[in-house]
Protein chains: 2
Amino acid sequence: MAVSIRDVAREAGVSVSTVSKVLNNSPLISEATTRKVQDAMERLHYHPNMRAKNFARQKTCSITFVARAERNAAFNNPHLFEIMCGVENALSNKGYSLTFINLAKEQDEARLVESLIEQKNTDGIVLHVSAVSKKIPRLLADGNFPHIVIGKPDFESELCWIDTNNNLSGSIAAKHLFHVGCRRIAYIGGGEDDRISLHRLQGAQKAAEEFGSAILPENIRQGVLTIEDAQTVAKQLIRENRPEAIICANNTVALGTVRAIHEQALAIPDDIAVISFDDYPYSRIMEPALTVVNIDVYDMGMQAGIMLLRKLKNPSLQVQSYTTLPVLIVRGSTVKSTKSELES
Amino acid sequence: MAVSIRDVAREAGVSVSTVSKVLNNSPLISEATTRKVQDAMERLHYHPNMRAKNFARQKTCSITFVARAERNAAFNNPHLFEIMCGVENALSNKGYSLTFINLAKEQDEARLVESLIEQKNTDGIVLHVSAVSKKIPRLLADGNFPHIVIGKPDFESELCWIDTNNNLSGSIAAKHLFHVGCRRIAYIGGGEDDRISLHRLQGAQKAAEEFGSAILPENIRQGVLTIEDAQTVAKQLIRENRPEAIICANNTVALGTVRAIHEQALAIPDDIAVISFDDYPYSRIMEPALTVVNIDVYDMGMQAGIMLLRKLKNPSLQVQSYTTLPVLIVRGSTVKSTKSELES
DNA sequence: TTTAATAATGAAACCGTTATAATATAATAT
DNA sequence: ATATTATATTATAACGGTTTCATTATTAAA
């Protein structure tokens, strides 16, 4: 049917293996034959069949991105797509392609990963932390299957992962507040068992100590899960202790907090400064725009892709991890001048 | 190395073709042999090699999703990922997988599509309209390569596409405003040559006529590209004509318009109602929350996937198109009671 | 009983490449 | 002139399935 490497060989008057070597620009082929073969390929409109190549080479040049994104995920978590674009970018630069799998509600992540490995249809796996369960490490690490996890799982394992330092993020947030003159700093955290929120708090506390200050226990609230929760908690906090600044563990908290401040007819940042984490679309649009400690998730995705490709090239490589640095984006919620600037 | 179909055949004491037939549950195999073979597979931990299968079958059971997403696309256009999740869902239900390709800035979409087809590494293509140029139809339609375009290109072609009816969306928006008692309705459009914005305006005008009314020329503004633009334009519009409601061609316009209204200390919706299109994360978060005419992009992606698979199964199928219906989401920016409800 | 029809299995070609080992040719050293 | 080495090229066996067609075993009809 389609024109194959044999047709090219016949047309060029050489052997099949010679054509194959030309295709893979092997150095063992003379210039003259190379030209002959290339001409023949041109004449016949030959294009290598990747299915056959993958089969013969015993690899697919494709890696699989697995996540568990709820419907409306793009709204709740725009980061996911951004990460994926970063990975895709890194891969496509090296001739690899990205397959996307979104776990369904009831679907078992371990079973999926297992069958991905069995099927031999992918060379490596990028697992978003939302799709990691305790059974995963045995499948990947023990089987020495090339992989990288985006986000650090909350259990010990030999997985390769890439993540950010939430402790440092919290520290950066608190330091910024001190820099702009705030002293009585409050912290409103996410769910009681939200590790990310806890780490950010710890970082903030450490930073406060470095400034010879502290985040007082009565200024710390936890267990906030919705915007409305946050609004209620913030309102109470403000009434009772009237802090100069509030660190919000995440954007849900931030939105409620801003509403609470407005509700009490106080001004941001003059009466109370607000800072949060992770740059979301509305962070820029809010009034005032929100100062956040952000991580470049696109870049994180790229790094993940690069690490995975490195592992693919050199399978004997050790288990590796990587931590991306948070970046402060200063906006109107912490400083008067609206002009936003970037610091590290 | 790995256990192959031949090993299974030997272990089960049958021929290779019999094992193959068991794998594809051919009806020609007796129950007894089927069991024998399945036992052997179990004993040897056999798993079919998809690379080999794809090669032998001359297909890959994977389709490729191509888009041109700028960095920060998830923020500017969360819909893209949502569409993709819809496509992925439809495909994975039928044993197909989705490969994602994000066109780089300078990358030529036609060349990419061409090479995708040549490489024979994908069974079909889903093209987001952001990745469609005039060279595309010839590659896909003429070559009869299975494809579907999400969004309707602005030139005539024989492409299969799936899109929504912006005219109808505009009409729904206007009708809703009439229903809640607004009469003097204004329209603030996007860029001068923004077809979507124009169609929405046309729909709104038609609806107004049905109500024996009209959107007066002095209440129509066009060429708005940024939030700031929109704010300026809206401010002027309000000063001059003081409409009862403003239809915003998109969310950028809506944000500027809302700011302009607040700036003049007017109330939404009491003084001026606001309606826009496409549900964005901040649409729900804004105060008041924004009434929008939305399309279910996840579902649109699913439909696209389903249409493409149908075409794959039955290649003789005619060129098809599909139009998803817009849905009104009523929120606080057009009605007092905040309780949001859905209408069609 | 013989013959035809049907059901179950197997042999071998095929899919389009890569990879390995063997061979032919040219260049250099002995 | 011969042996050795280096350089190009080729023949052929993988890779692991599917598929077509022939063959055998079984059942039904003549």
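All values below come from the heavy atoms of this structure, side chains included, with hydrogens, waters and symmetry mates left out. What you see is a predicted model; the values in this text were computed from it and never measured. Quick note on labels: first sequence line is chain A, next is B, and so on, each numbered from 1.
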B/Phe81 and A/Ala73 have their tightest heavy-atom pair at CE2-CB, 4.2 Å
Checklist entry - Is the shortest distance from a Lys or Arg side-chain nitrogen in A/Asp296 or B/Arg71 to a carboxylate oxygen in the other one below 4.0 Å? => result yes
TODO: Verify side chain to side chain contact (heavy atoms under 4.5 Å, CB included) between A/Tyr96 and A/Val87, making sure each step is shown before the conclusion.
DONE: CA-CA 10 Å; A/Tyr96 277 74; A/Val87 176; over 6 Å; no
Separation of D/dG17 atom P from B/Lys53 atom NZ, nearest Å, is 9 Å
Any chance CD of A/Gln320 has more than 12 other-residue heavy atoms, nucleotides or ligands included, within less than 6.0 Å?
yes
Please check if the number of heavy atoms outside B/Glu158 that lie under 6.0 Å from its CD is greater than 12. no
By the 4.0 Å heavy-atom rule, please label A/Ser4 as base, sugar-phosphate, or nothing. sugar-phosphate
> Counting heavy atoms not belonging to A/Arg35, are there more than 12 under 6.0 Å from its CZ?
Replying inline: no
No-hydrogen, no-angle side-chain donor-acceptor test under 3.5 Å, B/Ser316 and B/Asn314 = yes
From CD of B/Gln119 across to P of C/dC15 the rounded distance in Å is 21 Å
Whole-Å distance, A/Lys59 NZ to C/dT18 C1', equals 12 Å
Problem set entry | Enclosure of B/Gln107 CD (heavy-atom neighbours >12, cutoff 6.0 Å) | yes
Sugar-phosphate only, base, or nothing, as touched by B/Arg51 at under 4.0 Å among non-hydrogen atoms: nothing
Side-chain atoms of A/Gln58 come closest, of D/dG17, D/dT10, D/dC15, to D/dC15
Checklist entry - Any N or O donor-acceptor pair linking the side chain of A/Arg6 to the base of C/dT17 at under 3.5 Å? => result yes
Separation of D/dG16 atom C1' from B/Phe55 atom CZ, nearest Å, is 10 Å
| request: Please determine if B/Asp7 and B/Arg10 form a salt bridge, counting it only when a charged side-chain N lies under 4.0 Å from a carboxylate O. | output: yes
What one should report as the nearest heavy-atom pair of B/Thr99 and B/Ser62 is OG1-OG, 4.2 Å
Between N or O atoms, less than 3.5 Å apart, protein on one side and nucleotides 6-9 of chain C on the other: list the pairs.
{"residue": "C/dT9", "atom": "OP1", "partner": "B/Ser30", "partner atom": "OG", "Å": "3.2"}
{"residue": "C/dT9", "atom": "OP1", "partner": "B/Thr33", "partner atom": "OG1", "Å": "2.7"}
{"residue": "C/dT9", "atom": "OP2", "partner": "B/Ser30", "partner atom": "N", "Å": "2.9"}
{"residue": "C/dT9", "atom": "OP2", "partner": "B/Ser30", "partner atom": "OG", "Å": "3.3"}
{"residue": "C/dT9", "atom": "OP2", "partner": "B/Thr33", "partner atom": "OG1", "Å": "2.7"}

Practice problem: Look at A/Ser20 and C/dT17 and indicate whether a side-chain polar atom (N or O) is within less than 4.0 Å of OP1 or OP2. | Solution: no
Applying the Watson-Crick and G-U criteria (both distances under 3.5 angstrom) with [ ] for crossing and | for other-strand pairs, one obtains for DNA chain C ||||||||||||||||||||||||||||||
Rounded to whole Å, the CD1-C1' distance (A/Ile5 to C/dC15) equals 13 Å
Under 4.0 Å from OP1 or OP2 of D/dT18: is there any side-chain N or O of B/Asn24 that close?
yes
note: B/Asn121, atom CG; C/dG16, atom C1'; distance rounded to Å ~ 13 Å
Rounded to whole Å, CZ of B/Arg57 lies from P of C/dA13 at a distance of 22 Å
5'-most contact on DNA chain C (nearest-nucleotide basis), B/Val16 vs A/Val19, goes to B/Val16
Between CZ of A/Arg35 and P of D/dT9 the distance, given in whole Å, is 13 Å
Testing C/dT17, D/dT18, D/dT19 for proximity to the side chain of B/Ser17, the answer is D/dT19
Which of C/dT18, D/dT18, D/dG17 is nearest the side chain of B/Tyr46? It is D/dG17
